[in-house]
There are 4 protein chains.
Amino acid sequence: MPTPVQPRAERMRAQLRDEIVQAAAEVFAERGYHRTAIADIAGRIGVGNSSIYAQFAGKRALFDAVIDDAMRGVMALLSADNAPATADTLEAYEGQVRRIATGFATALGEDPTVLRLLRTLLVESDGVDEELADRAAAFTDAAAQMTSAYLRHGVTRGYLRADLDVDATGRVVNAMVFAVALDLARQGATPEEAERTVDATLALFFTGVRG
Amino acid sequence: MPTPVQPRAERMRAQLRDEIVQAAAEVFAERGYHRTAIADIAGRIGVGNSSIYAQFAGKRALFDAVIDDAMRGVMALLSADNAPATADTLEAYEGQVRRIATGFATALGEDPTVLRLLRTLLVESDGVDEELADRAAAFTDAAAQMTSAYLRHGVTRGYLRADLDVDATGRVVNAMVFAVALDLARQGATPEEAERTVDATLALFFTGVRG
Amino acid sequence: MPTPVQPRAERMRAQLRDEIVQAAAEVFAERGYHRTAIADIAGRIGVGNSSIYAQFAGKRALFDAVIDDAMRGVMALLSADNAPATADTLEAYEGQVRRIATGFATALGEDPTVLRLLRTLLVESDGVDEELADRAAAFTDAAAQMTSAYLRHGVTRGYLRADLDVDATGRVVNAMVFAVALDLARQGATPEEAERTVDATLALFFTGVRG
Amino acid sequence: MPTPVQPRAERMRAQLRDEIVQAAAEVFAERGYHRTAIADIAGRIGVGNSSIYAQFAGKRALFDAVIDDAMRGVMALLSADNAPATADTLEAYEGQVRRIATGFATALGEDPTVLRLLRTLLVESDGVDEELADRAAAFTDAAAQMTSAYLRHGVTRGYLRADLDVDATGRVVNAMVFAVALDLARQGATPEEAERTVDATLALFFTGVRG
DNA sequence: GATGAATGAGTGTTCATTCAT
DNA sequence: GATGAATGAACACTCATTCAT
């Protein structure tokens with residue numbers, strides 16, 4: 001029964017790191033990047049400031065880690081068990097989109113932090129760093145291209161308009177989805193409002209892209 | 001021939017105020033709220049810091065004034081000589097919307113500052129103040145309600161889908177329009193890209209809302 | 001009677017700058033570079049920390065300014081109204097050297113700060129910066145070359161040993177002079193001790209270099 | 001056959017202590033006192049920070065130990081198998097001094113650490129502690145007195161100037177020697193430069209003190 | 001009325017030292 | 001006995017705001 005070397009210390013270190021990222025996510029989401037002080041984050045989990053610096057190179061690096069987590073979460077919601085090349089009919093595609101939208105809405109209801117973080121990233125990146133602004137741009141671009149891939153598949157299969165500008169429409173749809181999500185995340189929207197907004201979005205989207 | 005009291009002083013004062021707002025708009029648009037220092041603004045027009053404090057209560061109040069101007073500009077572009085109750089046919093409505101979109105695109109090309117400011121407002125408001133976040137929300141709400149009014153008129157006139165959820169759709173369309181505008185404003189998009197994006201947006205919108 | 005533009009403000013600014021440099025010189029001389037906090041300097045003249053940053057880019061820049069002053073002072077003592085090519089006999093040279101040494105000793109007695117600063121520079125430069133270490137080295141090199149010039153003149157005139165290695169001896173003499181000065185500056189040496197030390201140094205030096 | 005208590009543990013402890021002092025000497029010599037972090041030293045020999053605190057009361061105490069070692073080394077070089085009362089003629093004395101100087105130069109070439117440490121002590125002591133400054137002063141005093149003892153012996157024996165101020169000259173010569181050594185230690189001086197400098201120093205010294 | 005020099009509170013970051021494991 | 005994770009005090013620097021001139 002070989003005991004791994006320093007199993008406890010490592011586990012505790014990783015655990016503290018997670019706690020820090022979690023606390024940082026909350027505070028950054030609540031107050032934004034600039035108004036968040038390292039001491040706020042450290043204080044929330046009852047550790048000293050320097051315990052954060054033992055794990056992260058600085059405030060910016062911590063924010064990066066937080067954003068990484070949030071992006072992973074959003075990407076997971078976006079892709080889930082769905083893939084661009086899955087749907088073969090408009091109905092199947094609509095089901096797919098509804099599932100993704102429902103996943104979003106559910107995640108939104110259960111843990112608004114990830115969406116508030118997304119908001120913080122997309123909204124404050126300019127005010128922080130050129131590099132962060134680039135990351136935010138790269139993220140939206142990636143999401144837009146994923147959307148475009150879905151659309152392209154639909155055009156190929158014939159259940160979406162043949163003359164659809166898939167690249168431009170992918171960007172537009174993506175922007176719309178993010179904007180709606182951010183708007184809903186802004187303040188506790190009631191589930192009914194969310195439902196109506198999602199319905200309206202899907203109606204706009206589907207009737208629009210139908211071939 | 002009534003002479004206003006202190007006419008010259010007042011005019012100079014008002015002129016300085018305009019200069020300050022103009023310079024502040026530029027710097028805030030370039031660098032965002034947090035990275036802008038009062039000294040940057042004062043330096044740009046060659047006055048002392050305290051000349052700004054003689055006219056505005058503080059950085060926040062100055063930003064408010066700048067945002068007021070920008071909002072007025074955007075609202076003017078949105079309403080122009082158009083009004084919700086003007087169009088009576090789908091074609092007329094489409095013409096109206098295209099005119100507004102063209103106005104936006106032209107303004108974007110000629111003076112990106114107002115849109116960059118809008119971006120700053122919508123994107124950084126969270127990181128500044130609860131109150132500013134509320135103002136940003138109020139602004140988007142007002143714009144959404146204006147859009148909803150257009151849609152309601154179309155439904156009443158019968159050239160838009162009868163079952164359209166005008167409130168929810170107004171919000172969605174509004175979010176989409178802002179998101180697209182902000183995305184285009186992000187970095188010098190070429191006119192062709194802008195054109196394609198606007199076309200895609202309108203195509204999505206119109207085919208979608210048609211009754 | 002034209003009044004210069006902003007004469008008072010400029011004079012006050014320059015005056016404050018001098019006060020800061022003076023206070024910084026004292027504190028740096030007392031406590032060395034690392035143990036001196038900006039607040040110590042600001043506190044000594046009763047101004048806020050940021051008043052220092054209004055005039056100097058940072059702690060390092062302030063130290064540079066202090067060192068500049070000290071170097072100027074030392075160089076003035078070293079050159080004074082004497083020049084390498086002045087003395088034509090051993091007696092004249094000895095008189096010249098005694099005058100310089102006396103100037104040093106007097107300055108040492110009246111204001112030990114400049115020598116303590118010299119000590120700080122020569123002693124702490126390594127612990128601060130590569131660049132500062134280079135400055136210190138450049139300073140000692142310059143002083144050594146000045147000494148070598150004196151020696152070379154004496155060899156040419158024939159009142160110093162013909163086989164004198166003027167470059168190496170210049171470095172050695174220079175090092176000896178600095179070391180003695182620093183040693184005397186270390187703690188309030190009595191005038192008698194200083195006198196004896198200077199005499200011993202000159203005796204060593206002159207009997208040694210005589211041709 | 002008495003077995004010492006915990007012989008292995010003690011030996012290991014002593015060995016670790018030596019390793020620490022050795023590593024500390026290297027790092028202090030390379031980076032000076034202030035720029036050296038305890039973690040640097042611990043990291044160099046792959047132990048935890050607290051292993052150092054188990055053996056030394058703190059950074060200052062460790063530096064003391066390092067300096068003790070270095071001083072012992074320098075003192076050994078200075079005295080070697082020579083003693084103040086050994087030489088009876090000027091030629092014998094000159095040989096003695098040359099041997100010491102050669103020993104220094106050789107040690108300098110082979111292991112610059114001890115001289116760099118000496119430099120660190122003499123140069124940074126002010127910036128650390130009053131007490132350390134005192135130690136440095138005590139060290140230079142001791143060395144100066146040793147030099148004075150040599151000189152006094154020479155005067156007694158009659159091969160040095162009868163009117164030599166042995167105390168003051170001892171301090172001066174000592175300062176010169178240290179200054180030259182430190183200057184040579186500053187950066188890799190070539191052996192030729194070192195040779196010329198040593199020659200010049202000895203020439204200055206001997207022709208100077210000859211009776 | 002306008003100026004700009006001065007302020008001082010606030011922040012990110014470092015590092016010698018301690019202590020639970 | 002050794003570890004290294006955690007601490008918290010200290011410090012350089014920024015900038016919105018004020019006030020003497």
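We name chains A, B, ... by the order of the sequence lines, and we start the count at 1 in each one.
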Inset, instruction - List the steps, then state whether side chain to side chain contact (heavy atoms under 4.5 Å, CB included) holds for Leu121(A) with Leu117(A). - result: CA-CA 6 Å; Leu121(A) 169 64; Leu117(A) 272 176; over 6 Å; no

Inset, instruction - Would you mind reading off the distance between Gln15(A) atom CD and dA5(F) atom P, rounded to a whole angstrom? - result: 14 Å

Inset, instruction - Using the salt bridge (Lys or Arg N to Asp or Glu O under 4.0 Å) rule, collect all pairs that involve residues 41-57 of chain A, keeping only residues at least two apart or in two chains. - result: Glu26(A)-Arg44(A), Glu30(A)-Arg44(A)

Legend entry - Minimum heavy-atom distance Val66(B)-Ala24(B), with the two atoms named: CG2-CB, 3.7 Å

Inset, instruction - For Lys59(C) and Leu62(C), run side chain to side chain contact (heavy atoms under 4.5 Å, CB included): C-alpha distance rounded to whole Å, both residues' side-chain angles, the deciding distance at 0.1 Å, then the answer. - result: CA-CA 5 Å; Lys59(C) 184 183 183 180; Leu62(C) 173 54; 5.8 Å; no

Legend entry - Any strand: nucleotide that pairs with dT21(F) via Watson-Crick or wobble, under 3.5 Å: dA2(E)

Legend entry - Whole-Å gap separating P (dC15(E)) and CD1 (Ile52(D)): 15 Å

Legend entry - Lys/Arg-Asp/Glu bridge criterion (N-O < 4.0 Å) met for Arg60(A), Asp64(A): yes

Legend entry - Toward the 5' end of DNA chain F, by each residue's nearest nucleotide, Gly48(A) or Gly46(D): Gly46(D)

Inset, instruction - Could you check whether the rings of Phe63(C) and Phe28(C) sit parallel, tilted or perpendicular, using 30° and 60° as the cut-offs? - result: perpendicular

Inset, instruction - Return the value, rounded to whole Å, for the distance between atom CD of Glu19(A) and atom P of dA6(F). - result: 10 Å

Legend entry - Value in whole Å for how far the P atom of dA20(F) lies from CG of Leu16(C): 17 Å

Inset, instruction - Measure the distance from CZ on Arg31(C) to P on dA10(F) and round it to the nearest whole Å. - result: 12 Å

Legend entry - Spacing of Phe56(D) atom CZ relative to dT18(E) atom P, expressed in whole Å: 16 Å

Legend entry - Atom-pair distance (CD on Gln55(D); P on dG1(F)), nearest Å: 11 Å

Under 3.5 Å, which protein N or O atoms sit close to an N or O of nucleotides 10-13 of chain E? Give each pair with its distance.
from, atom 1, to, atom 2, distance (Å)
dG12(E), OP1, Thr36(A), O, 3.4
dG12(E), OP1, Lys59(A), NZ, 2.9
dG12(E), OP2, Ile38(A), N, 3.1
dT13(E), OP2, Tyr53(A), OH, 2.6
dT13(E), OP2, Lys59(A), N, 2.8
dT13(E), O5', Tyr53(A), OH, 3.4

Legend entry - Whole-Å gap separating C1' (dC15(E)) and CG (Leu62(D)): 15 Å

